Amino acid sequence: MGGTGWLLRRLGYGVILLVGVVVLNFLLIRLAPGDPAEVIAGEMGGATEEVLAGIRASYGLDKPLLTQLGLYLANVAQGDLGMSYFFDRPVAELIGRRIGPTILLVLTAQALSVVIGVALGVIAARKPNGPLSAFVSVFAVIGYAVPVFWTGIMLIILFASVIPIFPVEGMADIRLRDAPWWEQALDVAHHLVLPAFTLAVIYLAQYARLSRASMLDVMGADYIRTARAKGASEGTVLFRHALRNAMLPILTVAGLQFGNLISGALLVETVFNWPGMGRLAFESILRRDYPTLLGVLFFASMMVVVANIVTDLSYRLADPRLRNAK
Amino acid sequence: MTSIPDAIAPEAGAAQAAAAAAESPAREAWRMFRRNVPALVGVGILAVILAATLYGALLYPGNPYEIVWAPHEPPGATAAFPLGTDYLGRDLVAGLLTGGGPTLAVGAAAAALTMAIGVSLGALAGYFGGWVDDLLMRLTEFFQVLPTLLFAMVLVTLFSPTLWTIAFAIGVVSWPQTARLTRAEFLKIRQLEYVTAARAIGARNGRIMWRVILPNAAPPLIVSATLTIGVAILFEAGLSFLGLGDPNTMSWGLMIGANREYVLDAWWPVTFPGLAIFLTVFAVSLIGDGLNDALNPKLRGR
Amino acid sequence: MKPARLARRLTAAALAATVSAAALAPASAQEEGGSLVLVTTQVPRHLNGAVQSGTATAVPSTQLFASLLRYDEGWEPQPYLAESWEVSDDGLTATFTLVEGATFHDGEPITSEDVAFSIMTTKEHHPFTTMFAPVESIDTPDARTVVMNLSQPHPALMLALSPALSPILPKHVYGDGQDPKTHPANSEPVGSGPFMLEAFEQGESVVLKKNPNFFVEGRPKLDEIIIRVIGDQSALLISMENGEADMYPFAASSQALSRLQDTDRLVVAPEGYAAVGPINWLAFNTKNEKLSDPRVRRAIGYAVDREFIVNALHRGFSGIQRGPIIESSPFFYPAIPAYPVDLDKAAALLEEAGYGDGMTLTVDYLPGVPEQQKNVAEYLKSQLGKIGIEVEVRAAPDFPTWANRISNHDFEMTMDIVFNWGDPVIGVHRTYLSDNIREGVIWSNTQQYENPKVDEILAEAGVETDPVRREELYHEFQRIVAEDLPIYWINSLPYHTIHDRRIGDAPTGIWGVMHPMDRVHWAESKE
């Protein structure tokens, strides 16, 4: 019972946060210098004052600020995020197409970084003073200090000219539109390698160091000694007991890093021309397409909220102490 | 990067000793730091970079904005331009030396703002507790939900990109983590004997917070500040790379972004500024790690 | 082509077209089918060129929509939806007879009503107001006859009826009262062109498939055309090099051109941009106190070295442009005063104007085209510094910001790129007519230039049907503006179409790829 109640409360709280996000972004963008009507008109080549008035009316820009906000919130609740100033299409439609690629990229990067990072950390923990451990230490600092977009560009140079084994832009070869699904999936995976790896590198390094520290922490604990004393095999000790408990901090950090992953995804998508939400947001800024920008901010925030809830949930499930907590 | 919230209470003894003799832990920490080789390497690198940024122009007179040669001159091909030229034919070395200034300045300013906001809010939340804590934590969580880069981009675009708006934007989106850390520290320390003692003798809240608790909360905060500088530098580089930096100043991120289009023909205008950013942040991280080892009693003896 | 002969072809009064064999005859040995992948950096907002100018929209729009006339080779109009036409002797009436049996993509027949509706819609909503301004009314006596009544002779009419400028829209779709500029059909077009829309992924790609009921027999040759948007130039070049893309129009950067020139598989063709007439220039806000003195402007003209810009900054790929009309146009005035670089003269002029102690000026530039715009602006900074003008380069974070500043005259100098668009009436007049100073509208007379003599000459040239006289008038116009120098013209953009050499009948007419590509085919199989 505690579990469901807790979940509902978290969800409710998440919704409140999102409403706050929408309100904040709406206000900010309306307060921006520059007249949105002029921006819209500008894309069409400029307009006279009466045409501008017409644009304001049709976009509801002439109503008082609070009314506009109220209308916007009501629309968002129904899934209507407004119309893009640039494309004259529903924002929800534009984002809908781009959200899949971003989620694919972000989740793949997250999975890669956690799996490889933890593996490295665990192996390094077995010999805390060995070469792999030293490598992990150095790698962690390097991985953290390198700008993600620079890594991406370096990889592009490497794989575009020197070793052309991975495509360096886009998500799929458009000529394969009509190919069988597994061929397309393979093509997407092929395109996914470089961007996902670029995004993963930073966090991979962190998780490696973190899991090493965490494992070392845990390996010295009482219950591990007890397990060993009871005759459990090294494997059982490692995986059943140590890793499980060491994962907790990893999960916490992974969850907290999700917001950063999205920021990183924005840069990676720009570098690799990946057709995701991040790139859409960036292009919208260039075009002053505020409704689309708002929409992406909202969606990205929603993804973070969901990621937080999932993290908390898995944390509670993983740690028996918390399972029935309030 | 240590971002696990520190929820374990320190040995009461160490804290008391710290309160009683404020000088020796600092001296002790300094001694530990001095012996930490990676940290010293970090200091060295940073010193070189700072020197190059501040005085480089004196030794290597070159206008980074002037078109001095043919575009895309490779490094080492011409003695006068050891690192070659960029897509406009501008001297890369001059650009690197000049680019350090805005990058470091924005990084430092943004970190300062982050610390100012984060420490203040975190301190208030941790010290007063109750509804103040609740309110500030809600605010913190709210800001943590916003995707940082995207939100900073919006802020910068709205208020037109200058060095100060960029520093402001970065500061505004980066404070939540600092606030949490500060709050955790203040929560922890608030309950200790010397704080209750101070209250008992009627000291005002403000004095307690800033004169008593903060100095003892300082160690993890100092480490956090160092790391925040690194994050801010990367952040500024990202914004400039996307073309949202101050277009009238040369910064390393801007150089990468401007030359990205030609990277297939000329790798050096992108590679060298990137290395510069990396070395700076690397140095700062090493220092931060060193400070962490030196100041954090929990890790002593490892 | 000699100016007089060409001009004759352009004048309305002389025209009584016959079905040109050249346009409809089959080309050399060809293969049917296949797909063409075309890459571009420009993002189309939607696909209807009747209410939106610019190359991004024109490329897909000209495949999806047909127009009355087309221009496959040279400047002579050829039949398209209009199988024949005639202009009255006084130049005030133009009659067009439509082909029989042409239908829209949804099966509905194309009638004179659709044509009348489309022309009037374009007139009202397209940013180029001079294209159809003299069209007072259009009569439709029967389903296949269109009679345009003009308020004055309009030699530019023939070029205005090109596919890029006046697509014929279905009245039964657009006549529902919604604003054509934001009509949903703009993204899901029902046209009459050789290709139909299969998918439009905003910001990503436009997939066009063959129209099986295209009214021109045996066309189009290709099964599909895919337009892929790749914003990043290096990524775009890679896709051309490794064969993922087949055609790259509007390639202008020296990096692209020099790199792809060396690729065996590709051809770098300079043809296809004669009607576009793209000019890179430095514009002055003539109402600004410092720049209101023509001596200051001329001083700047003498200080700037076009040769350096073309040869060093553009690596020799662009061409020098000395006036408002593109040098490859028959109307170009070869003796136009050109301001060869002379720093001493420049300094003397500044001194004369009272700025011997120097001055400061800001220069803006169009974001996104660094080689043409930003680089030249930076060059100006260093070059004008030599005559005592301190230049501050003012960057705009994006196009709307820049356009807003310029169109509201909030600038001193700015770099800009403006196209001629075929006939001077369409793309040249708008920059110099004093009645086209429209606040808020970019690419109007943003320099606030006012010269009644120029207004007079342009008005006359716009209606002059005698080609010789017309040419004289435009020469006079160029002479005057070159003296007043509201704008200092620098270079023409070196647009090229880079394509796979196995493509036959590549689009190299005056409109290039902004023209139906129904003849384009794979002369050799791709495999």
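Bear in mind the structure is a predicted one, so any value in this text is a computation, not a measurement. The chains referred to below are lettered A, B, ... by the order of the sequence lines, with proteins before strands, and numbering in each begins at 1.
B:His72 and B:Trp268 have perpendicular rings, their planes meeting at more than 60° on a 0 to 90° scale where under 30° would count as parallel. In this pair, A:Tyr203 and A:Tyr207 present their aromatic rings tilted. The plane angle is within the 30 to 60° band.
Counting heavy-atom pairs closer than 4.5 Å to chain B, the top-ranked of the candidates A:Gly20, A:Ala205, A:Gly259 is A:Gly20. For the set B:Leu264, B:Leu242, B:Val281, B:Val270, the count of heavy-atom pairs under 4.5 angstrom toward chain A peaks at B:Leu242. By number of non-hydrogen pairs under 4.5 angstrom with chain B, the leading residue of A:Leu261, A:Ile285, A:Thr151, A:Ile262 is A:Ile285. Chosen from A:Ile156, A:Val304, A:Ile153, A:Val138, the residue pairing most often with chain B at heavy-atom distances under 4.5 Å is A:Ile153. Most heavy-atom pairs under 4.5 Å with chain B, from the set A:Val296, A:Ile142, A:Asn308: that is A:Ile142. Comparing A:Phe149, A:Phe298, A:Phe282, A:Phe258 by how many heavy-atom pairs each has under 4.5 Å with chain B, the most go to A:Phe149.
For the pair B:Ile277 and B:Leu234, the minimum side-chain heavy-atom distance is below 4.5 Å. Here the side chains of B:Tyr262 and B:Pro269 are not in contact, with every heavy-atom distance at 4.5 Å or above. B:Trp164 places none of its side-chain heavy atoms less than 4.5 Å from the side chain of B:Val106. Inter-residue side-chain proximity for A:Phe159 and A:Leu194 is flagged as met; some heavy-atom pair is nearer than 4.5 Å.
Considering only residues two or more places apart in sequence or on other chains, B:Arg183 meets the salt bridge (Lys or Arg N to Asp or Glu O under 4.0 Å) condition with B:Asp133. Contacts of A:Ser284 classified as side chain to side chain donor-acceptor pair (under 3.5 Å), with partners at least two apart in sequence or in another chain: none.
Residue B:Ile233: no heavy atom, backbone or side chain, is found under 4.5 Å from chain A. Contact annotation for A:Ile157: only side-chain heavy atoms (C-beta onward) come within less than 4.5 Å of a heavy atom of chain B. If you measure heavy-atom distances from A:Val271 to chain B, the contacts under 4.5 Å come from both the backbone and the side chain. Only the side chain of A:Leu266 comes within contact range of chain B, with at least one heavy atom under 4.5 Å from a heavy atom of that chain. For a residue to count as touching a neighbouring chain, one of its non-hydrogen atoms must lie under 4.5 Å from one of that chain's; by this rule B:Leu155 touches chain A with the side chain only.
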All N/O donor-acceptor pairs, side-chain side in residues 140-151 of chain B, below 3.5 Å, sequence neighbours left out:
from, atom 1, to, atom 2, distance (Å)
B:Thr140, OG1, B:Leu136, O, 2.6
B:Glu141, OE1, A:Tyr13, OH, 2.4
B:Glu141, OE2, B:Arg138, NH1, 3.3
B:Gln144, OE1, B:Arg180, NE, 2.9
B:Gln144, OE1, B:Arg180, NH2, 3.1
B:Thr148, OG1, A:Ser263, OG, 3.0

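Here CZ of A:Arg279 is found 13.0 Å from CZ of A:Phe272. Values are rounded to the nearest 0.5 Å.
The side-chain contact (heavy atoms from CB on, under 4.5 Å) test with B:Thr280 singles out one residue from B:Leu275, B:Leu46, B:Thr53, B:Ile229, and that residue is B:Leu46.
Of all residues in residues 250-261 of chain B, those placing a non-hydrogen atom less than 4.5 angstrom from a non-hydrogen atom of chain A are B:Ile256, B:Arg260.
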